[in-house]
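Worksheet: the structure to be examined is printed underneath.
Labels below follow one simple rule: chain letters A, B, ... track the order of the sequence lines, proteins then strands, and each chain is numbered from 1. Worth knowing before you read on, the calculation uses all heavy atoms, side chains too, and leaves out hydrogens, waters and symmetry mates. Quantities reported herein were computed from a predicted structural model and do not represent experimental measurements.
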There are 2 protein chains.
Amino acid sequence: MTPIDRSSLHAEVVSRLRAAIVDGELAPGARVNERELCERFGVSRTPLREALKVMASEGLVVLLPNRGARVATLTRADIENTFKVMACLEALSGELACARITDEEIAELRALHYEMLAQHARRDLPAYYRLNERIHHMILMASGNPVLIATHAGLALRIRRARYVADMPHGWWDQAVREHERILDALTRRDGAAIAVLLRQHLERKIDLMARSADDVPETSTAA
Amino acid sequence: MTPIDRSSLHAEVVSRLRAAIVDGELAPGARVNERELCERFGVSRTPLREALKVMASEGLVVLLPNRGARVATLTRADIENTFKVMACLEALSGELACARITDEEIAELRALHYEMLAQHARRDLPAYYRLNERIHHMILMASGNPVLIATHAGLALRIRRARYVADMPHGWWDQAVREHERILDALTRRDGAAIAVLLRQHLERKIDLMARSADDVPETSTAA
DNA sequence: AAAGCGCATTTTGCATGCAAAACTTGTTTG
DNA sequence: CAAACAAGTTTTGCATGCAAAATGCGCTTT
């Protein structure tokens, strides 16, 4: 139990709750018990409830009037819809990044790319995912558009739980690596139009693959 | 003063606060006084503070630790960044809508379009804006992607304050109307690729025009 | 034995209370 | 005269208390 900074308890609680939900510690659909979490975090109900309201506006929990909060569940459709929007946002980020990114940043991206290739060679999927995420994130940052970055982050948060559970078909991994190479090439050429198309396709393909292997809880609804 | 539904006070307060900010009743950068708003809404500080946290996560207010809340200010860059993302989202909405929209919905869109032309002929700019917004909103709804709709709505909220203040140069209006006609045509043809490009251009042009005429408060920062 | 009903317990939602931080203002000091 | 300081006031942040709604459970009724 880390002692909590008293000047912004609610922010701390939001962070911890987010972590608990994203890490799957709080199962999707599970009812959130205020008292239980209060004891767990060592705070009173006021900051916890403030945090829950924020999480609800982020879409991580669902508030049922007079009936408490539940961890939001993701249907297959939710994931697909979210991913479609993210694909569009990442395409935009690539486009904007082409106009702003420095040679040094591209060099760093290339380095990350090779590290990713290394993990691919080792068949270390989790390490690959982490590098993959860092690369996409770095392109996003290079877009220089804070609204874009924040919007993407908000969506990514909601589906992170589901993002890496899907078991991908054989050959997917090699294909993804090839796509990444083309993306990096387009970025090096500062070809905004090309990178937008490539990023969009790269992620749309992921949607297709996930759609085939997603088996989720039914609905985000009341669940009597 | 409408009596407030006691079962979800915080939600009511969020609505009212949002309205007050979006309508400009609470000026950008203005400090938000809890006690004052409590009296105004006839609620205690608890639901008000919950509402403020939500508004902060929506980006309508900025929370300063131990120093209260201020109405978020929009820099020119904020507006441009937001609009770029919205342009991308609307382009996606048009693309998705092409695959789902019914003939009846297209007929209704065409009707709205003609109503908009009528307001254009009358030079009734506010009425034109309302119809313009209804048309874009209807295309968004036709996308059938709730995540896309919600994300767009969240961004639209933040810049609604600034959206219609810019005084546009001469000839802009006629140009916008022509663009709308081409958008509607593409939708009728169900040409997703075309409508995506058209919507994106339509909104990117608006960004350009707004950038020329925006004169705002300086920064979202502390403002001593 | 299954369905319906009523009471006790739990949980939620909001109001209030209290300590700490920040702002004000009048005064002092170099 | 300007800058710095200090006490009083206000404001913020969190904990707690209380009423209403929801939930659980044993009982009755058929």
Side-chain angles (χ1 to χ4, degrees), chain A residues 1-18 20-21 26-27 29-58 60-72 220-224, chain B residues 1-18 20-21 26-27 29-58 60-72 220-224:
Chain A
M1 272 290 169
T2 317
I4 287 181
D5 172 16
R6 310 296 295 183
S7 81
S8 57
L9 248 188
H10 59 270
E12 265 290 330
V13 174
V14 167
S15 297
R16 292 211 190 181
L17 254 182
R18 259 207 287 253
I21 291 177
L26 266 56
R31 183 156 176 188
V32 177
N33 188 295
E34 287 186 7
R35 193 171 314 279
E36 184 187 328
L37 285 177
C38 284
E39 288 174 13
R40 174 167 166 186
F41 293 147
V43 303
S44 81
R45 288 175 56 217
T46 304
L48 185 84
R49 288 172 55 77
E50 289 174 353
L52 281 176
K53 301 286 185 298
V54 171
M55 313 273 297
S57 91
E58 285 177 357
L60 283 177
V61 306
V62 178
L63 259 39
L64 283 44
N66 282 318
R67 301 181 62 191
R70 307 185 88 92
V71 179
T220 254
S221 63
T222 52
Chain B
M1 274 293 169
T2 316
I4 288 180
D5 172 17
R6 310 296 294 182
S7 80
S8 59
L9 247 189
H10 59 272
E12 266 290 329
V13 174
V14 167
S15 296
R16 292 212 191 181
L17 255 183
R18 258 208 288 254
I21 291 178
L26 266 56
R31 185 156 175 188
V32 177
N33 187 295
E34 287 186 6
R35 194 171 313 278
E36 185 187 328
L37 285 177
C38 284
E39 290 175 11
R40 176 168 165 183
F41 293 148
V43 303
S44 82
R45 287 174 55 217
T46 305
L48 186 83
R49 287 172 56 78
E50 289 174 353
L52 281 176
K53 301 284 184 299
V54 172
M55 313 274 295
S57 90
E58 287 177 354
L60 284 177
V61 305
V62 179
L63 259 40
L64 282 51
N66 282 317
R67 300 181 62 190
R70 308 185 86 92
V71 178
T220 257
S221 64
T222 51

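Per the geometry, CG belonging to L64(A) stands 11 Å off P belonging to dT12(C), to the nearest Å. The nearest whole Å value for the distance from the CG atom in L48(A) to the P atom in dA15(D) is 10 Å. Atom-to-atom, CD of E12(A) to C1' of dC14(D) comes out at 15 Å; the value is rounded to the nearest Å. Taking atom CG of L63(B) as the reference point, atom C1' of dT12(D) lies 11 Å away to the nearest angstrom. In this structure, the CD atom of E50(B) is 13 Å from the C1' atom of dC14(D), given to the nearest Å. Atom CD of E34(B) and atom P of dA22(C) are 15 Å apart (whole Å). Rounded to whole Å, the distance from NZ on K53(A) to C1' on dC14(D) is 15 Å. The interatomic distance linking L37(B) (CG) with dT12(D) (P) rounds to 10 Å, in whole Å.
Each of dT12(D), dC14(D), dA15(C) was ranked by its minimum atom distance to the side chain of P47(A); first place goes to dC14(D). Picking from dC14(C), dT11(C), dT16(C) the nucleotide with the shortest atom distance to the side chain of R45(B) gives dT16(C).
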(request) Any chance you could lay out the side-chain contact (heavy atoms from CB on, under 4.5 Å) test for V61(A) and I21(A), step after step, and finish with the verdict? (result) CA-CA 9 Å; V61(A) 306; I21(A) 291 177; 3.6 Å; yes
(message) Please determine whether side-chain contact (heavy atoms from CB on, under 4.5 Å) holds for the pair E58(A) and R18(A), giving the CA-CA distance in whole Å, both sets of side-chain angles, and the decisive distance to 0.1 Å.
(response) CA-CA 10 Å; E58(A) 285 177 357; R18(A) 259 207 287 253; 2.5 Å; yes
(request) Show your working on side-chain contact (heavy atoms from CB on, under 4.5 Å) between V71(A) and L60(A) and close with a plain yes or no. (result) CA-CA 6 Å; V71(A) 179; L60(A) 283 177; over 6 Å; no
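Looking only at side-chain heavy atoms (C-beta outward), L17(A) and L26(A) come within less than 4.5 Å of each other. Two residues are said to be in side-chain contact when any heavy atoms from C-beta on lie closer than 4.5 Å; L9(B) and F41(B) fail this criterion.
In this structure, R70(B) contributes its side chain and G29(B) its backbone to a donor-acceptor pair below 3.5 Å.
One finds no side-chain N or O of T46(A) lying less than 4.0 angstrom from the OP1 or OP2 phosphate oxygen of dC14(D). The side chain of R49(B) contributes no N or O atom lying less than 4.0 Å from OP1 or OP2 of dT12(D). Side-chain nitrogen and oxygen atoms of H10(B) include at least one within less than 4.0 Å of the OP1 or OP2 phosphate oxygen of dC14(C).
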In a table with atom names and distances, give each donor-acceptor pair under 3.5 Å that connects a side chain of residues 49-56 of chain B to protein atoms at least two apart or in another chain.
residue: R49(B); atom: NH1; partner: E34(B); partner atom: OE2; Å: 2.8

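Nearest approach of A20(B) to R40(B), heavy atoms of both residues: CB-NH2, 4.1 Å. Of all heavy-atom pairs spanning R45(A) and C38(A), the tightest one is CG-SG, 3.4 Å.
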Which pairs, protein N/O on one side and nucleotides 20-25 of chain D N/O on the other, fall under 3.5 Å?
residue: dT23(D); atom: OP1; partner: R67(A); partner atom: NE; Å: 2.9
residue: dT23(D); atom: OP1; partner: R67(A); partner atom: NH2; Å: 3.2

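Note on the helix from dA1(C)-dT30(D) to dG30(C)-dC1(D): angle between the axes of the first and last five pairs equals 10°, rounded to 10 degrees.
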